[in-house]
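Reading through the structure tokens given below for one structure.
Numbered from 1 within each chain, the chains take letters A, B, ... in sequence-line order.
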Number of protein chains: 2
Amino acid sequence: MDAYATSGWTALADPTRRAIFERLVERPYAVGDLAVGLPVTRPAVSQHLKVLKGAGLVVDRKAGKRRIYRVDPAGLAQLRAELDGFWTKTLAAYKAAVEQPEKGDQ
Amino acid sequence: MDAYATSGWTALADPTRRAIFERLVERPYAVGDLAVGLPVTRPAVSQHLKVLKGAGLVVDRKAGKRRIYRVDPAGLAQLRAELDGFWTKTLAAYKAAVEQPEKGDQ
DNA sequence: CTAACGCGTTAGTGGACGCTTACGCGACAA
DNA sequence: TTGTCGCGTAAGCGTCCACTAACGCGTTAG
């Protein structure tokens, strides 16, 4: 169920792409509507959506001439799980450092 | 308390930098120890740590000749909060779409 | 059928970025 | 002090990537 073309982290790295994603988080959007208000052209938005789709963060649906994009909860949940793992391990490392301060480093 | 040089998303975008961070999540490391096992040289690791530090994800501490890096829980928590916001809004958008399917798009 | 709309894709370009090599500085040992 | 270790930084280079302009395809309206 995994094996995405690119990582979610890499997909959300670009500021423009993050701005697009933050919009899609609110509600579904068509490509042209997304381009309005963004400092880039519509083709650029289309390319960014392709990356987000490749990372499993968004899905698209045809609606007549237009193409509606929305956030894919599954991809977002996977990122959340990965980050939660970082958080848990960080806290565990802190606890271990408190118990054995002299062995905190190496 | 914010105003980092670069975003946490951008900092964790690079695979090498993510590998470094995943190591630091386990326990604190010195720069040279991090470089061991990574396919890059020590200066490269040092530059990556600079970026991670600029994003508020890690902090450093001098220990004799060596410099110990560890994860900064505050920066990680901020990323987590941002992602949780995405998640909450996504679920809200889904709920709204179910209640008014015909107005899901625009 | 013809025209207009919305979108994806391509080619091309400028700038950002990750990496290495070389160098300089502070810290500890002899 | 002299030598060594660990680290940060500067310079240079190759590569990736975000962006635009131009084009082609499917869809709807007239």
Side-chain angles (χ1 to χ4, degrees), chain A residues 4-24 27-70 72 102 104-106, chain B residues 4-24 27-70 72 102 104-106:
Chain A
Y4 293 119
T6 180
S7 167
W9 299 106
T10 304
L12 290 180
D14 183 73
T16 303
R17 213 146 50 210
R18 218 159 45 236
I20 293 176
F21 187 77
E22 290 180 8
R23 279 229 209 168
L24 288 177
R27 63 177 178 85
Y29 269 96
V31 181
D33 295 337
L34 278 173
V36 176
L38 287 179
V40 295
T41 59
R42 183 195 52 78
V45 174
S46 197
Q47 294 169 356
H48 282 307
L49 287 171
K50 186 178 183 179
V51 175
L52 289 173
K53 184 180 177 182
L57 290 176
V58 301
V59 291
D60 58 333
R61 166 174 60 94
K62 287 187 60 179
K65 310 189 219 176
R66 309 189 310 175
R67 186 171 284 265
I68 309 300
Y69 282 85
R70 61 175 178 84
D72 184 6
E102 73 283 356
D105 325 330
Q106 188 180 34
Chain B
Y4 293 120
T6 179
S7 167
W9 299 106
T10 304
L12 290 181
D14 183 72
T16 302
R17 213 147 48 211
R18 216 157 49 235
I20 293 175
F21 187 77
E22 290 179 7
R23 278 229 209 169
L24 288 177
R27 63 177 178 85
Y29 269 96
V31 182
D33 296 337
L34 277 174
V36 176
L38 286 179
V40 295
T41 59
R42 183 196 52 78
V45 174
S46 196
Q47 293 169 357
H48 282 307
L49 287 171
K50 186 178 183 179
V51 175
L52 289 173
K53 183 180 177 182
L57 289 176
V58 301
V59 292
D60 57 334
R61 165 174 59 94
K62 288 186 61 179
K65 311 188 215 176
R66 309 188 311 174
R67 186 171 284 265
I68 310 299
Y69 282 84
R70 62 174 178 84
D72 184 5
E102 73 282 353
D105 324 329
Q106 190 182 37

**Residue pair B/R66 / B/V31, side-chain heavy-atom distance below 4.5 Å** = no
**Request:** Go through residues 41-51 of chain A and report each residue with a non-hydrogen atom lying under 4.0 Å from DNA chain D, sorted by number.
**Result:** A/T41, A/P43, A/A44, A/Q47, A/H48
**Item:** Residue pair A/R23 / A/G37: nearest heavy atoms and the distance that separates them
**Value:** NH2-CA, 3.7 Å
**Request:** Can you tell me the distance, in whole Å, between the CG atom of A/L38 and the C1' atom of D/dT20?
**Result:** 15 Å
**Prompt:** Taking all non-hydrogen atoms of both residues, which atom of A/S7 and which atom of A/A55 are closest, and how far apart?
**Reply:** O-CB, 3.9 Å
**Message:** Side chains of A/L49 and A/D60, heavy atoms from C-beta outward: is any pair under 4.5 Å?
**Reply:** no
**Request:** Answer yes or no: is there a donor N or O on one side and an acceptor on the other, between the side chain of A/R18 and the main chain of A/L12, under 3.5 Å?
**Result:** yes
**Prompt:** Can you tell me how far CD1 of B/I20 sits from CG of B/L57, rounded to the nearest 0.5 angstrom?
**Reply:** 12.0 Å
**Message:** Is the shortest side-chain heavy-atom distance between A/L24 and A/L34 below 4.5 Å?
**Reply:** yes
**Rounded interatomic separation in angstrom, taking NZ from B/K62 and P from D/dG8** = 11 Å
**Request:** Examine the side chains of A/R27 and A/Y29 and answer whether a donor and an acceptor come within less than 3.5 Å of each other.
**Result:** yes
**Asked** Minimum heavy-atom separation for B/A13 to A/A13, with atom names?
**Response** CB-CB, 3.2 Å
**Request:** In whole angstrom, give the distance that lies between atom CG of B/D60 and atom C1' of D/dG8.
**Result:** 11 Å
**Request:** Return the value, rounded to whole Å, for the distance between atom NZ of B/K65 and atom C1' of D/dC5.
**Result:** 4 Å
**Message:** Given 3.5 Å as the limit, does a donor-acceptor pair link the side chain of A/R61 with the main chain of A/I68, or not?
**Reply:** no
**Prompt:** In whole angstrom, what separates B/I68's CD1 from D/dG6's P?
**Reply:** 12 Å
**Request:** Measure from the side-chain N and O atoms of A/R17 to the backbone N and O of A/H48, and report whether any donor-acceptor pair falls under 3.5 Å.
**Result:** no
**Request:** Could you identify which residues of residues 9-22 of chain A place a heavy atom less than 4.0 Å from some atom of DNA chain C, listed by residue number, or say none?
**Result:** none
**Message:** Need two values: the first and the last nucleotide of DNA chain C, 5' to 3', having an atom under 4.0 Å from any heavy-atom of chain B.
**Reply:** C/dG18 to C/dC28
